[in-house]
Amino acid sequence: MPRADDHQRRSYSYDEAFSKAGHGLWQYILLAQCGWANASDAIEILCVSFILPHIKREMDISYAALSGLPFALFSGMLIGGYFWGSIADSRGRRKTLCLSLAVNAVFGILSGISPNYPFLVAFRFLSGIGAGGSLPVCFTYFSEFQQNNRRGAMISALAMCWMIGNILSGLLAWFLLPDSEYVAFFSPYGQQWRLFTILCGIPSLSSCLLISYLPESPRFLYSTGKYGQAQHVLSIMFDWNHLGPKQQFGVNNIIHPERNTESENEALLDPDDNSEMRLNTTANVAKKCCSIKLLCAEFRNGFHLWKTQLVQIFLPVRRVQSVIIMLISVLVAFGGYGMAMWMPVLMERAEKFDGSPCVIHDLNTSNESIVDESPTVYVDVLIGFLGQLPGNVAVILLMDRIGSRTMLISTAFLSALSVFLFWFTTSKPTIIVMNSIFNGISVGCWDALDVLTVEMYPTSIRSAAVGNACGISRLGSILGTAIFAVFMDSSCSIPIITVFLAYALAGVAGFKLPSLRGRTLL
């Protein structure tokens with residue numbers, strides 16, 4: 001005769017256990033912490049665009065040399081996307097995310113006290129390596145805690161935190177960068193941009209500390225054979241999501257995916273909690289650090305792992321989709337960063353010459369400031385960032401209803417249209433309005449791309465695939481800012497047309513992607 005507790009003692013598949021853990025307070029706590037990590041990256045990246053005019057003035061360098069700063073940042077992010085994404089698939093999401101945030105914070109802060117411009121560029125490159133990794137790993141880690149019917153909305157909410165970082169950096173710039181003897185007194189070398197840069201690195205450091213208290217992704221633990229640890233994390237999720245009348249998780253065993261066997265309770269023990277093992281690991285690390293041969297072997301193993309993951313990403317079954325995701329990532333970054341970095345220049349020209357900046361073909365601005373250094377420029381930028389708020393809200397509400405593929409296609413075409421309408425602007429206020437509209441629409445492209453990339457790949461290569469897409473997108477960021485830099489003095493019509501075509505092509509390419517709405521993560 002079956003016992004009463006047989007139902008509670010039966011084995012569950014991972015998907016059954018994950019569904020039983022539910023959706024609730026735990027996911028929102030995770031959203032707050034991962035959202036702060038995402039906002040921290042936005043603050044660090046946007047920091048560069050705000051300090052450019054101050055660096056030119058105080059370090060007395062040319063515009064050609066000044067362009068090396070954003071180039072170094074995006075180049076570092078390109079490398080970081082590949083490097084950290086690969087590590088996260090082998091070493092774990094949480095630890096990799098913490099380490100990449102720490103790299104971003106440390107070198108971002110050091111750039112604020114750099115003695116000269118070459119050191120500044122080098123520190124920003126290293127900071128970019130950290131930022132390039134924390135972005136894809138953060139989205140991968142967060143997505144693996146989300147239920148299928150809520151994943152699109154929750155990832156969109158996480159992406160919305162980028163806007164919060166933009167607004168915070170704009171407010172910080174508004175308070176610290178306009179000339180002030182009081183701020184200069186507390187800044188290294190009396191240069192206000194340095195204090196601003198240092199403070200922009202603090203959020204990443206605090207985010208690193210917060211993330212360190214979170215558990216590893218249960219899906220990653222399960223995919224690497226740590227079934228007991230995965231079960232333990234799912235039980236934590238269940239407890240946080242059911243804080244009312246005391247309920248039991250009731251999942252005692254998780255079925256092995258291949259051999260259909262139960263996980264053993266001993267797997268609940270975390271090797272990292274074993275002091276003896278930790279000492280042995282520390283000793284091994286010390287030995288490796290003393291041996292150049294072993295260090296070289298570690299690098300070779302890491303490179304081999306990256307190559308193996310890259311082969312998996314471009315297997316025939318997913319090759320076309322991977323190429324399309326990369327193409328769309330480049331196109332969206334090309335248009336988004338190109339417009340963002342040079343929007344203050346468009347505003348300044350429209351205000352200075354009382355007309356459309358795109359009809360000014362014969363300006364010689366080589367001796368002018370790249371942006372207006374009065375406080376009003378920061379207010380104008382903030383208004384543009386606030387335009388992302390209604391767009392983000394709309395995306396959160398619609399993502400799971402219409403699907404990420406439909407969202408990507410529709411917002412790409414609408415973004416192209418909004419860029420084209422910049423030609424018809426006749427004053428600075430109209431440019432501010434159009435910038436807000438563009439920001440509100442284009443944010444849908446970024447959010448949909450984040451959701452699609454996460455859903456397309458299995459757990460074993462998900463972080464590497466997201467890192468690959470983020471890394472290759474930095475080529476678009478570099479090209480987008482370069483196109484504006486080269487042609488802005490002759491005519492902004494050329495970069496405007498180029499960005500219009502980029503978004504239109506991204507929309508067309510989106511039709512080749514699959515519809516993944518509501519699909520369980522592999």
Side-chain angles (χ1 to χ4, degrees), residues 1-31 34 88-89 92-94 139-155 157-158 214-270 399-401 403-404 451-452 454-463 465 514-522:
M1 184 148 182
R3 292 179 299 177
D5 62 342
D6 278 351
H7 175 72
Q8 290 187 350
R9 298 180 65 83
R10 78 176 181 88
S11 299
Y12 289 76
S13 70
Y14 175 82
D15 289 335
E16 288 174 331
F18 183 77
S19 178
K20 191 174 178 62
H23 177 93
L25 181 60
W26 171 261
Q27 277 78 10
Y28 292 105
I29 292 174
L30 194 68
L31 174 62
C34 290
D89 281 331
R93 317 311 198 194
R94 181 183 63 85
F139 276 88
T140 302
Y141 176 71
F142 181 76
S143 69
E144 292 176 349
F145 284 92
Q146 309 306 319
Q147 300 292 333
N148 296 341
N149 62 340
R150 307 285 186 94
R151 187 168 57 241
M154 292 300 290
I155 294 177
L158 174 61
L214 294 175
E216 181 56 86
S217 157
R219 185 167 289 275
F220 171 80
L221 292 171
Y222 181 73
S223 69
T224 53
K226 300 176 181 178
Y227 311 118
Q229 293 180 45
Q231 176 188 332
H232 180 60
V233 174
L234 292 178
S235 69
I236 294 174
M237 291 173 57
F238 180 89
D239 291 341
W240 278 97
N241 290 335
H242 300 82
L243 291 178
K246 189 63 177 177
Q247 302 181 47
Q248 294 295 325
F249 184 38
V251 177
N252 300 307
N253 298 290
I254 297 180
I255 300 173
H256 190 289
E258 295 177 357
R259 296 193 297 270
N260 199 37
T261 59
E262 299 177 358
S263 60
E264 298 184 4
N265 290 333
E266 286 79 7
L268 282 168
L269 297 175
D270 187 348
M399 185 70 77
D400 287 315
R401 289 184 171 88
S404 52
V451 177
L452 267 169
V454 163
E455 292 178 335
M456 274 180 52
Y457 299 94
T459 302
S460 59
I461 59 169
R462 179 173 296 118
S463 186
S515 177
L516 303 172
R517 182 158 56 112
R519 193 180 79 171
T520 300
L521 291 180
L522 300 176

Checklist outcome for this item: Residues C34 and Y141: closest non-hydrogen pair is SG-CD2, 3.8 Å
Next on the checklist: Donor-acceptor pair, distance only, cut-off 3.5 Å: does the side chain of S19 make one with the backbone of D15?
Outcome noted: no
Next on the checklist: For W240 and W26, take the angle between the two ring planes, folded into 0 to 90°, and tell me which bin it lands in: parallel under 30, tilted 30 to 60, perpendicular over 60.
Outcome noted: tilted
Checklist entry - Can E144 and R93 be counted as an ion pair, charged N to O under 4.0 angstrom? => result yes
Item to check | Minimum heavy-atom distance P218-A230, with the two atoms named | outcome: O-CB, 3.5 Å
Next on the checklist: I need the L31 CG to Q146 CD distance, nearest 0.5 Å.
Outcome noted: 8.0 Å
Item to check | Worked verdict on V451 versus R151 for side chain to side chain contact (heavy atoms under 4.5 Å, CB included) | outcome: CA-CA 8 Å; V451 177; R151 187 168 57 241; 5.6 Å; no
Checklist entry - CZ of F142 to CD of Q27: how many Å apart, nearest 0.5 Å? => result 8.0 Å
Checklist entry - When rounded to the nearest 0.5 angstrom, what distance separates OG in S404 from CG in L452? => result 3.5 Å
Next on the checklist: As an exercise, state the distance from CG of L234 to CG of N241, rounded to the nearest 0.5 Å.
Outcome noted: 10.5 Å
Item to check | Proximity of H232 and Y227 rings by center, below 6.0 Å | outcome: no
Item to check | Atom pair CD (Q231) and OG (S235), whose distance is rounded to the nearest 0.5 Å | outcome: 7.0 Å
Next on the checklist: What's the separation between atom CZ in F139 and atom CD1 in I155, rounded to the nearest 0.5 Å?
Outcome noted: 8.0 Å
Checklist entry - Considering the options F145, Y28, F18, which one meets the ring pair (Phe, Tyr, Trp, His ring centres under 6.0 Å) requirement together with H23? => result Y28
